[in-house]
Engineer: 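Provided herewith is a single structure, encoded as structure tokens, for subsequent inquiry.
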Number of protein chains: 2
Amino acid sequence: MAAVVTSPLKGSRADRTRATEARILSVALDSFGTKGFDSVSLDDLAADLGITKQAILYHWSSKRALLDAVIDRAALELIIEFDGALSEEGSGWSRVESIVRRIFRVAMRRPELLGFIREISRIGGDASLRVTADLEPFVSRATNYFEREMDEGRIRRCDPGLLLVSAYSTVLGAATEVEVLRAVGIEPTLRSTVVRRRELLSFLHAAMVAP
Amino acid sequence: MAAVVTSPLKGSRADRTRATEARILSVALDSFGTKGFDSVSLDDLAADLGITKQAILYHWSSKRALLDAVIDRAALELIIEFDGALSEEGSGWSRVESIVRRIFRVAMRRPELLGFIREISRIGGDASLRVTADLEPFVSRATNYFEREMDEGRIRRCDPGLLLVSAYSTVLGAATEVEVLRAVGIEPTLRSTVVRRRELLSFLHAAMVAP
DNA sequence: AGGAATGTTTACCACTTGGTAAGTGAATCG
DNA sequence: CGATTCACTTACCAAGTGGTAAACATTCCT
């Protein structure tokens, strides 16, 4: 039994390293997503983590490298969230309904995640390209879904890419809405948002969709 | 005819001062709205204006004071934009349609304006409170409009304040959408946005509004 | 004209920023 | 056990930050 575990604590150092990096990434994603990349210094981050900023720079060579790592993580988590949404049961509008509900739920549960996506779209440069590259699996999957639905006449025919961008930015809008509600002092719930959104949609639908 | 104008250039100094301050506010609104408050230094701002940062600090005692002034200006411009939207012709849904179109047009013409509003909602603290205070004329006017429309049965009855917050955040969402489109390399036009939004709305409407 | 007020610049400062170099204590390995 | 690697800290630095003080040029007032 001694041969199986080579050291008293199985991979204790490597595990601790991975745990530390995960903690840093988590706090960084949260801070960057809610306060903005430039508004958060490495010292701030380190203070939140109870370590020194040099500990962060030990794991990533620069703040920018940390940002890239956070982008990777955010993209991964987005993929997981959306992947869950896209594998919902049902078909046609009932499936669409589940997906939309689920995405709104993400916007409420993880505002920092979507806020971060918005943040890097502002930083621009490589960052936005990186995201679209990392999200490729999701993009192709969503595109396939849209095209299938169009083929079967359940969605009006249009460019799937544009439709995806619209849906994507609508999610960002929902995230913004959550932030605005909190700023105004209303703690948003899924129910309240859905109710208000229903009002809003009938409002907008009549204005934009109706001839 | 000499008595009318007391100096060769009518109020030339005061006018130039006002013009300078207006230029600073304009560039600051643009930069803060697109890059974020913390991402823009006074030196950056001054460089864009072709002056020194101390010239800015002569007109406002601190960067924060400048931000407050920019907030005032943004609120004023928002009021003007929305005021124009609210004084659209027509009644009922046709009027709503005009308003929504006009607001989307603002989101496309002035992304920095709505981006800035989002920015200060992130900065939080007094800023968001200030905005709601400065927007009071617009809020009460919009509320009156909503209530009138509800009284006459043209909008389903609900809390006007909540409806306004929803409409407000929808505008922010539209601004985000414009940013995302530009990041993806698509220069948004009113037509393309309306077309895609129509698709999106029928998409969401069926999912969220339909029983 | 001459002095005062005004708008702006140059010079400067304390502090924070991201980042580097060297040192330290514990885990790992021979 | 002793040497080494590893995760991290202390000490430090150059550049940039918001902000102040004083010098300077222009416009205004009398």
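Computed from a prediction, not measured in an experiment: that's the story for all the values here. Excluded from the calculations below are hydrogen atoms, water molecules and symmetry mates; all remaining heavy atoms, backbone and side chain alike, are included. Just so it is clear: chains get the letters A, B, ... in the order the sequence lines come, proteins before strands, and each one is counted from 1.
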Engineer: In whole angstrom, what separates B:Asp43's CG from C:dC15's P?
Structural biologist: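 Atom CG in B:Asp43 sits about 19 Å away from atom P in C:dC15.
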Engineer: Tell me the interatomic distance from A:Ile24, atom CD1, to D:dC8, atom C1', rounded to whole angstroms.
Structural biologist: 11 Å
Engineer: Is there a side-chain polar atom (N or O) of B:Thr20 under 4.0 Å from OP1 or OP2 of C:dT8?
Structural biologist: yes
Engineer: In whole angstroms, how far is the P atom of D:dT20 from the CD1 atom of B:Ile56?
Structural biologist: 14 Å
Engineer: Please check the phosphate of C:dG7 (OP1 and OP2 only) for any side-chain N or O of B:Tyr58 closer than 4.0 Å.
Structural biologist: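 Answer yes for this pair, as a side-chain N or O of B:Tyr58 is under 4.0 Å from OP1 or OP2.
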Engineer: Test the A:Lys53-A:Tyr58 pair against the cation-pi criterion, namely NZ or CZ under 6.0 angstrom from the six-membered ring centroid and within 45° of the ring axis.
Structural biologist: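 Checked: cation-pi criterion not met.
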Engineer: For the pair made of NZ in B:Lys53 and P in C:dC12, what is the distance, rounded to whole Å?
Structural biologist: 14 Å
Engineer: Take atom NZ of B:Lys63 and atom P of D:dT20, then tell me their distance rounded to the nearest Å.
Structural biologist: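 Interatomic distance, NZ of B:Lys63 to P of D:dT20: 15 Å.
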Engineer: Rounded to the nearest Å, what distance is computed from the CG atom of residue A:Asp15 to the C1' atom of nucleotide D:dC6?
Structural biologist: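 Rounded to the whole Å, the gap is 14 Å.
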Engineer: Taking for each residue the nucleotide of DNA chain C with the nearest heavy atom, is it B:Ile51 or A:Leu57 whose nucleotide lies nearer the 5' end?
Structural biologist: B:Ile51
Engineer: Which heavy atom of A:Trp60 sits nearest to which heavy atom of A:Ala65, and what is that distance?
Structural biologist: CD1-O, 4.0 Å
Engineer: So B:Leu42, base contact, sugar-phosphate only, or nothing? Heavy-atom distance under 4.0 Å.
Structural biologist: sugar-phosphate
Engineer: Roughly, in whole Å, what's the span from CD in B:Gln54 to C1' in C:dT8?
Structural biologist: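 Spelled out: CD on B:Gln54 to C1' on C:dT8 is 9 Å.
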Engineer: Look at all strands and tell whether B:Thr52 reaches a base, only sugar-phosphate, or nothing, counting heavy atoms closer than 4.0 Å.
Structural biologist: base
Engineer: I want to check one thing: is the phosphate of C:dT16, taken as OP1 and OP2, less than 4.0 Å away from some side-chain N or O of A:Ser41?
Structural biologist: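 No, because none of the side-chain N or O atoms of A:Ser41 sits under 4.0 Å from OP1 or OP2 of C:dT16.
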Engineer: Salt bridge between A:Arg23 and A:Glu21, side-chain N to carboxylate O under 4.0 Å?
Structural biologist: no
Engineer: Compare side-chain N and O positions of A:His59 against OP1 and OP2 of D:dC8 and report whether any pair is under 4.0 Å apart.
Structural biologist: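 A:His59 to D:dC8 OP1/OP2: side-chain N or O found under 4.0 Å.
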Engineer: To the nearest Å, give me how far apart CG (A:Leu45) and P (C:dT16) are.
Structural biologist: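 So the CG-P distance, A:Leu45 to C:dT16, works out to 17 Å.
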Engineer: Indicate yes or no for a side-chain donor-acceptor contact from A:Ser26 to the backbone of A:Ala22 under 3.5 Å, with no hydrogens or angles considered.
Structural biologist: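 No, A:Ser26 side chain to A:Ala22 backbone: no donor-acceptor pair under 3.5 Å.
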Engineer: What is the distance from atom CD1 of A:Ile71 to atom CZ of A:Phe32, rounded to the nearest 0.5 Å?
Structural biologist: 9.5 Å
